[in-house]
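What follows is a set of notes on a single structure, which appears directly below.
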Amino acid sequence: AALASSHLAHFSDARSLWTHCVARNPGAWIAWYNLGNLHADAREFPEAIAAHREAVRARPDYYRAWFNLANALAASGHWEEADGAWLAARAIADDDPDAAVNRAVVLLHLGREEEAVAGLHRALALEPGKASALANLNALRTRHGADPARSIR
């Protein structure tokens with residue numbers, strides 16, 4: 001009971017639990033991943049990026065860690081690095097419409113509009129009617145003075 005009681009402080013909330021886990025086991029990819037998600041939810045993007053980098057270092061084949069790393073990098077304005085993380089995620093799984101949309105947004109920030117449009121169409125092929133893909137395509141149509149009801153190629 002005394003031992004359990006002494007460990008209770010490490011588990012008072014999710015952040016303290018995962019921080020304790022990575023301190024005790026730096027190779028615990030799931031702890032890094034969860035810690036990264038907590039930091040991202042709190043909009044602590046440098047910390048989220050560092051934690052997700054540890055997660056992908058420990059388990060480079062875990063798609064969601066790359067996905068969340070890319071999102072944190074994009075949220076921090078690290079567009080080139082975010083694109084690299086999207087490419088790493090896509091090499092693991094290329095069937096996520098959310099990833100196609102998110103990468104397209106990064107490509108728009110990089111000035112690579114044609115690739116972004118192709119990515120948005122890919123998202124629609126994976127999930128017809130995907131609202132975020134349609135919204136981004138409509139924003140591009142509006143930017144170019146086109147009727148949002150017309151198809152952008």
Side-chain angles (χ1 to χ4, degrees), residues 13-23 25-153:
D13 62 17
R15 185 179 298 231
S16 61
L17 167 66
W18 299 122
T19 301
H20 176 76
C21 286
V22 298
N25 181 2
W29 69 269
I30 192 70
W32 283 115
Y33 173 75
N34 287 326
L35 190 57
N37 291 341
L38 289 169
H39 285 300
D41 289 346
R43 303 193 58 78
E44 300 163 351
F45 296 116
E47 294 85 355
I49 291 166
H52 284 303
R53 282 189 172 142
E54 288 297 322
V56 299
R57 181 193 54 72
R59 186 165 174 205
D61 65 338
Y62 188 54
Y63 170 78
R64 295 302 299 185
W66 284 107
F67 180 99
N68 291 348
L69 173 60
N71 281 336
L73 287 163
S76 298
H78 300 288
W79 306 115
E80 290 287 345
E81 288 179 273
D83 188 41
W86 284 123
L87 293 174
R90 190 172 71 185
I92 297 166
D94 191 24
D95 59 352
D96 185 349
D98 290 321
V101 171
N102 292 359
R103 179 168 186 246
V105 170
V106 167
L107 292 170
L108 288 171
H109 281 279
L110 291 170
R112 294 161 52 188
E113 191 171 293
E114 285 185 31
E115 288 177 81
V117 169
L120 294 169
H121 284 290
R122 170 80 175 135
L124 289 170
L126 292 167
E127 184 180 320
K130 178 88 176 140
S132 55
L134 292 170
N136 280 287
L137 285 170
N138 284 334
L140 286 169
R141 288 183 190 107
T142 301
R143 181 189 305 169
H144 292 289
D147 178 358
R150 286 187 35 228
S151 176
I152 191 166
R153 302 276 175 220

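This is a predicted model, so every value here is computed, not measured. Side chains are part of it too, since the values below use all heavy atoms of this structure and drop only hydrogens, waters and symmetry mates.
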Non-hydrogen atoms of [X] and [Y] that approach each other most closely:
| X | Y | value |
| --- | --- | --- |
| F45 | S76 | CB-OG, 3.0 Å |
| W66 | A89 | CB-CB, 3.7 Å |
| G36 | A48 | O-CB, 3.5 Å |
| W79 | V106 | O-CG1, 3.3 Å |
| P97 | A123 | O-CB, 3.6 Å |

Check your understanding: Would you say the side chains of N37 and H52 form a donor-acceptor pair under 3.5 Å?
Key -> yes
Does any non-hydrogen side-chain atom of [Y] lie less than 4.5 Å from one of [X]?
| X | Y | value |
| --- | --- | --- |
| D83 | R112 | yes |
| D98 | E127 | no |
| H78 | I49 | yes |
| H20 | L17 | no |
| L120 | L140 | yes |

Calculate, to the nearest 0.5 Å, the distance between atoms [atom1] and [atom2] belonging to [X] and [Y] respectively.
| X | Y | atom1 | atom2 | value |
| --- | --- | --- | --- | --- |
| N34 | T19 | CG | OG1 | 11.0 Å |
| H39 | W18 | NE2 | CH2 | 13.0 Å |
| R103 | L107 | CZ | CG | 4.5 Å |
| L73 | L69 | CG | CG | 4.5 Å |

Point to revise | Polar side-chain atom of W86 near backbone of E81 as donor-acceptor pair, under 3.5 Å | key: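 Not a single qualifying donor-acceptor pair exists.
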Exercise for review: Would you check if the side chain of N25 reaches a backbone N or O of C21 as a donor-acceptor pair within less than 3.5 Å?
Suggested key: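 Between the backbone of C21 and the side chain of N25 there is no qualifying donor-acceptor contact (under 3.5 Å).
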Is the shortest side-chain N to carboxylate O distance from [X] to [Y] below 4.0 Å?
| X | Y | answer |
| --- | --- | --- |
| R15 | E47 | no |
| R122 | E115 | no |
| R90 | D96 | no |

Practice item. Please step through side-chain contact (heavy atoms from CB on, under 4.5 Å) for the pair E54 and R59, ending with a clear verdict. Key: CA-CA 8 Å; E54 288 297 322; R59 186 165 174 205; over 6 Å; no
Exercise for review: Mind running side chain to side chain donor-acceptor pair (under 3.5 Å) on E80 and H109 for me, showing each step along the way?
Suggested key: CA-CA 9 Å; E80 290 287 345; H109 281 279; over 6 Å; no
Practice item. Please report the C-alpha distance between V56 and Y62 in whole Å, then the side-chain angles of each, then the deciding distance to 0.1 Å, and finally whether the side-chain contact (heavy atoms from CB on, under 4.5 Å) criterion is met. Key: CA-CA 7 Å; V56 299; Y62 188 54; over 6 Å; no
